[in-house]
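To find a chain, count down the sequence lines: A is the first, B the second, and so on, and within it residues start at 1. Any value given below was found using the heavy atoms of this structure, including those in side chains, with hydrogens, waters and symmetry copies removed.
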2 protein chains.
Amino acid sequence: MRDRRSGYGECPNEEGCPVEYTLDVIGGKWKGVLLYHMIEGPIRFNEFRRICPTITQRMLTLQLRELEEDGIVNREVYPQVPPKVEYSLSEFGSTLVPIILEMKTWGEKHKKLSSIAAR
Amino acid sequence: MRDRRSGYGECPNEEGCPVEYTLDVIGGKWKGVLLYHMIEGPIRFNEFRRICPTITQRMLTLQLRELEEDGIVNREVYPQVPPKVEYSLSEFGSTLVPIILEMKTWGEKHKKLSSIAAR
DNA sequence: TTCAATAGTATACAAATTGATACTAGATCA
DNA sequence: TGATCTAGTATCAATTTGTATACTATTGAA
């Protein structure tokens, strides 16, 4: 549902489900996690890779590009060698922080509980 | 990342990202939307279909089954013909409501703005 | 001089997720 | 008698996501 013109936007059945709209923006497989790690401040490409070692370079690139296209993250390139590129939440992206923090809170609470239950 | 034993759970790099954990539970393509429509109370299979006409029967079944497996929704079958099956948030599922409501709030606000911007 | 580091791109392929369509049973309605 | 309703299955196709590997340019360090 990436293409907003053929997906959500065209469906005229009602005025559109707000949750569906939100998921259209942050519903990518890794987007929530990436946004989470940007809350603290700008972060570099390879820092992401170290923090989430299970995401591949390709996926990281793709998800960051989509977030950039949607105006959620800013990408700043420093003309250095070796290259330095920093990703950070845009002003618009910052409006998503409450959602991400609710996810963090829930995860912290129930991750703990499920690891206890697993004993 | 459905299989918690091979996905999130096995990765021992740190104690695990809470947002990743949360997305492991509600990250399915339609789960957020389905949970949202259950907030108001129990809802039947075909009611979901009418409310979200773009979800296929198959996907609806699959996503509801996963939510059920994870203890997030209750499925109640009424022995009638034609059949009646109601889905509702479990007590555990209700702990996710704050996340869903944040998504709703955000969607309502920015859906409006983007439809204005589109003129 | 060769190696490491950075932030990627390119390519090929495998696996997982999602979608489209047709089909089912049994009661009720016309 | 045949159509309609419900809550699904079954099967196959298409899309998305993931894996693996090789490659780029430039600087600085060993």
- prompt: Between A/Val81 and A/Gly27, which has a closest nucleotide on DNA chain D that is more 5'?
  reply: A/Gly27

- prompt: By side chain to side chain contact (heavy atoms under 4.5 Å, CB included), which residues pair with A/Val97, not counting sequence neighbours?
  reply: A/Ile39, A/Leu89, A/Leu101

query: What integer distance in Å separates A/Tyr78:OH from C/dG8:P?
result: 13 Å

task: Report yes if a side-chain nitrogen or oxygen of B/Gln63 is closer than 4.0 Å to either non-bridging phosphate oxygen (OP1 or OP2) of C/dT18; otherwise report no.
output: yes

message: Let's test your reading of the model: under 3.5 Å, does the base of C/dT9 pair with the side chain of A/Arg58 as donor and acceptor?
response: no

- prompt: Tell me, which pairs form a ring pair (Phe, Tyr, Trp, His ring centres under 6.0 Å) where one or both residues lie in residues 57-98 of chain B, sequence neighbours left out?
  reply: A/Trp106-B/Phe92, A/His110-B/Phe92

- prompt: Can you name the residues that form a side chain to side chain contact (heavy atoms under 4.5 Å, CB included) with A/Pro42, not counting sequence neighbours?
  reply: A/Glu86, A/Ser88

message: Is the phosphate of C/dT18 approached by B/Trp30 (side-chain N or O, under 4.0 Å from OP1 or OP2)?
response: no

query: In chain order, what residues pass the salt bridge (charged side-chain N to carboxylate O under 4.0 Å, His left out) check against B/Glu108, with sequence neighbours excluded?
result: B/Lys104

statement: In this structure, OG of A/Ser94 is separated from CE of A/Met38 (nearest 0.5 Å) by 10.0 Å

- request: Taking side chain to side chain contact (heavy atoms under 4.5 Å, CB included) as the test, write out the residues that go with A/Leu23, two or more places apart.
  value: A/Val19, B/Val33, B/Met103

Distances for protein N/O vs nucleotides 4-8 of chain D N/O pairs under 3.5 angstrom?
{"from": "D/dT6", "atom 1": "O3'", "to": "B/Arg44", "atom 2": "NH2", "distance (Å)": "3.1"}
{"from": "D/dT6", "atom 1": "O3'", "to": "B/Pro83", "atom 2": "O", "distance (Å)": "2.7"}
{"from": "D/dA7", "atom 1": "OP1", "to": "B/Arg44", "atom 2": "NE", "distance (Å)": "2.9"}
{"from": "D/dA7", "atom 1": "OP1", "to": "B/Arg44", "atom 2": "NH2", "distance (Å)": "3.2"}
{"from": "D/dA7", "atom 1": "OP1", "to": "B/Val85", "atom 2": "N", "distance (Å)": "3.1"}
{"from": "D/dA7", "atom 1": "OP2", "to": "B/Asn46", "atom 2": "N", "distance (Å)": "3.1"}
{"from": "D/dG8", "atom 1": "OP1", "to": "B/Arg65", "atom 2": "NH2", "distance (Å)": "3.1"}
{"from": "D/dG8", "atom 1": "OP1", "to": "B/Arg75", "atom 2": "NH2", "distance (Å)": "2.4"}
{"from": "D/dG8", "atom 1": "OP2", "to": "B/Tyr87", "atom 2": "OH", "distance (Å)": "2.6"}
{"from": "D/dG8", "atom 1": "N7", "to": "B/Gln57", "atom 2": "NE2", "distance (Å)": "2.5"}
{"from": "D/dG8", "atom 1": "O6", "to": "B/Gln57", "atom 2": "OE1", "distance (Å)": "2.9"}
{"from": "D/dG8", "atom 1": "O6", "to": "B/Gln57", "atom 2": "NE2", "distance (Å)": "3.4"}

